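Source: prediction; values computed, not measured.
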Amino acid sequence: MNKIKRLEELSALRLDKSEEEKLSGEIEEIIEYVGVLSRAELENEEPLTHLFGVHNVMRTDEEGDSLERSEALKNAGKTRDGYILVPRAVGGRDNE
């Protein structure tokens, strides 16, 4: 299968011919750049975990009161059997 058609399918996009041609060229440039990056000498480099040397400050978990199910669901657009229904993100029809 054509790489562009496969990407189109995976991303659920529909591209016209000019967009396919543009994307094809851009993908080739990205692949070439990844090749350049893969040849970089990194054996003596420390892995970078954060650009600015800061760390997440996390609070400790504290037990607290929970919402009642009816309270949690009262502003939901669609519900079924005590759950919030949302549009399906991948494949199939919504809310099956």
Which atom of Ala76 lies closest to which atom of Ile84, heavy atoms considered: CB-CG1, 3.8 Å
Closest approach of Glu45 to Glu41 (non-hydrogen atoms, all atoms of both residues): CG-O, 4.4 Å
Donor-acceptor contact below 3.5 Å, side chain Glu8 vs main chain Leu15: yes
Check ion pair Lys22-Glu19 (N to O, under 4.0 angstrom): no
Donor-acceptor pair, side chain of Ser38 and main chain of Gly35, under 3.5 angstrom: yes
Residues clustered with Val34, ILVMFWY side-chain links under 4.5 angstrom: Ile30
Hphob cluster co-occupancy, Leu42 + Val36, side-chain heavy atoms under 4.5 angstrom: no
For Leu48, all residues meeting side-chain contact (heavy atoms from CB on, under 4.5 Å), sequence neighbours excluded: Leu51
Taking every non-hydrogen atom, the tightest pair across Arg80 and Leu85: CB-CD1, 3.8 Å
Glu26 atom CD, neighbour heavy-atom count above 12 within 6.0 Å: yes
Ile31 reachable from Ile4 in the ILVMFWY side-chain graph, under 4.5 Å edges: yes
CD1 on Ile27 to CD on Glu20, rounded to 0.5 Å: 10.5 Å
Gap separating the CD atom of Glu21 from the CG atom of Asp16, nearest 0.5 angstrom: 9.0 Å
